[in-house]
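Let me begin by presenting the structure, written as structure tokens, before commenting on it.
Keep in mind that what you see is a predicted model, and the values were worked out from it rather than measured. The chains referred to below are lettered A, B, ... by the order of the sequence lines, with proteins before strands, and numbering in each begins at 1.
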There are 2 protein chains.
Amino acid sequence: MTKKPTQLAYVHAYEYIRDRILSGELERGTKLVEERLAEEMGISRTPVRDSIRKLEQEGLIKQKCVVNPSDMDLRHVFQVRTLLEGFAANYCATYITDEALAKLKNCVDIGRTGTIEEVMAANKEFHEIIVGATNNPVMIDIFDRMQSIIYLFRKTVVLHKRPLLIEEHHDIYEAIRQHHADEAERLMKEHLQLDLEFCLNRMKG
Amino acid sequence: MTKKPTQLAYVHAYEYIRDRILSGELERGTKLVEERLAEEMGISRTPVRDSIRKLEQEGLIKQKCVVNPSDMDLRHVFQVRTLLEGFAANYCATYITDEALAKLKNCVDIGRTGTIEEVMAANKEFHEIIVGATNNPVMIDIFDRMQSIIYLFRKTVVLHKRPLLIEEHHDIYEAIRQHHADEAERLMKEHLQLDLEFCLNRMKG
DNA sequence: GATGGATATTTTGTATACAATTTAAAATAA
DNA sequence: TTATTTTAAATTGTATACAAAATATCCATC
């Protein structure tokens, strides 16, 4: 768990640009100019190029511009997400470890009692635990990539606590705990569907 | 459908390296040295680096080496694939266009009558059509990426025609044509499961 | 005022040079 | 021999310079 003290410029550049996109400092549609970013960070263009390429692969940048995902894009992401997480929830009902289950419960509890930041982190972790429990690196990787795009959307939404979200998490947790696989899958899919609709509605405003 | 006459070096490098990996000229586990590849192609390291980074994102290269996927890796890929293609088959049964359906039938027919190369291409296209019919770019993108890894495996297997493969394709096609969504999904999942097992068995030899 | 084309500017793509790191090799001690 | 430290070689990471391409600017023409 020890982080390498890697001070590689391209890693730094990647994190820097990524954070600025996700935080909204770099607005959607903004064109990213290699030289400007390089100067801004006091490094050369080479590592900046690397990181931009990587972010392009991840879907946060398209044609040198910060992505500006449409409603349809979000629907597409959620269609895949529903598939993966529905499966994962089903899988968990049978195979999840006691340890992971306990962590899951903890996320639900924090969702009820924590500060805004804690709640947000716990809700994110709730889904991460479930997907992570599949022990399928391919699935986890796809999930991670989608998270960025989803976050880009949610950010605009996140201050408004969605009603019932925690209750839904609790129900999913219960279904998993009781090994009700199909129920867990159904609840997860419902949950994500509601989340999608909430995001889309808030976008219009 | 007109290809850009792009003579960008990094595109060329990408295709060159990718083809050499998929064809097997660059064996699994081989370390890719930027300078050697650059010299080999008569270009500088810069575009070679770009293409290696891209191939790393795609999963064909890991830590400067050609990937050497294990049985488990293939299982993980197929777990995701089954999920996506099962959904896609289900979706097709309701929403596929007549045009796509006709192309699907064509793939089945070629599977019975074509040359080895034609059959291989048709079988690949069969799955591409079904996934493509979802009109979900996110799903299509994930599918495409997995294809490379799958191909890497199948290549060692491909000369041995798997029995019943075409019949399975035909049955899936029929289920889609008759709008039997759940049946199409079930058949697709069975089909992929058999394919996976066939691959894994052949690997052992 | 709009349109089209030549010119200038910006930005990206590529090559090369050098620094930092990693990896391999050699030499020495146990 | 085996292990361990030192040294050398290979390889990657970064900076910089220049070429090619894309974009914007300006001016003439309609």
**Request:** Determine, stepwise, if the pair A:E167 / A:R112 fulfils salt bridge (charged side-chain N to carboxylate O under 4.0 Å, His left out).
**Result:** CA-CA 9 Å; A:E167 297 321 308; A:R112 292 200 172 105; 3.3 Å; yes
**Asked** Which atom pair, heavy atoms only, marks the closest approach of B:Y16 to B:E40?
**Response** OH-OE2, 2.6 Å
**d(CG, A:L37; P, D:dA15) in whole Å** = 14 Å
**Request:** Apply the test salt bridge (charged side-chain N to carboxylate O under 4.0 Å, His left out) to residues A:K124 and A:E128: give CA-CA distance (whole Å), side-chain angles for both, the deciding distance (0.1 Å), then the verdict.
**Result:** CA-CA 6 Å; A:K124 186 162 173 284; A:E128 283 169 356; 2.9 Å; yes
**Prompt:** Does the side chain of B:E58 come under 3.5 Å of the side chain of B:Y14 through a donor N or O and an acceptor N or O?
**Reply:** yes
**Prompt:** Can you tell me how far C1' of D:dT12 sits from CG of B:D50, to the nearest Å?
**Reply:** 14 Å
**Request:** Determine: side-chain N/O of B:S44 to OP1/OP2 of C:dA15, distance under 4.0 Å, yes or no.
**Result:** yes
**Interatomic distance where CD belongs to A:Q63 and C1' belongs to D:dA21 [whole Å]** = 16 Å
**Item:** Nearest heavy atoms of B:L83 and A:M139, plus distance in Å
**Value:** CD2-CE, 4.3 Å
**Non-hydrogen atoms of A:R162 and A:D195 that approach each other most closely** = NE-OD1, 2.9 Å
Identify all pairs in which a protein N or O lies below 3.5 Å from an N or O of nucleotides 9-13 of chain C, and state each distance.
| from | atom 1 | to | atom 2 | distance (Å) |
| --- | --- | --- | --- | --- |
| C:dT12 | OP1 | A:L32 | O | 3.3 |
| C:dT12 | OP2 | A:E34 | N | 3.2 |
| C:dG13 | OP2 | A:R49 | NH1 | 3.0 |
| C:dG13 | OP2 | A:R53 | NH2 | 3.4 |
| C:dG13 | N7 | A:R45 | NH2 | 2.9 |
| C:dG13 | O6 | A:R45 | NH1 | 2.9 |

**Message:** Please report the distance, rounded to the nearest Å, between CD1 in B:I52 and C1' in D:dG13.
**Reply:** 13 Å
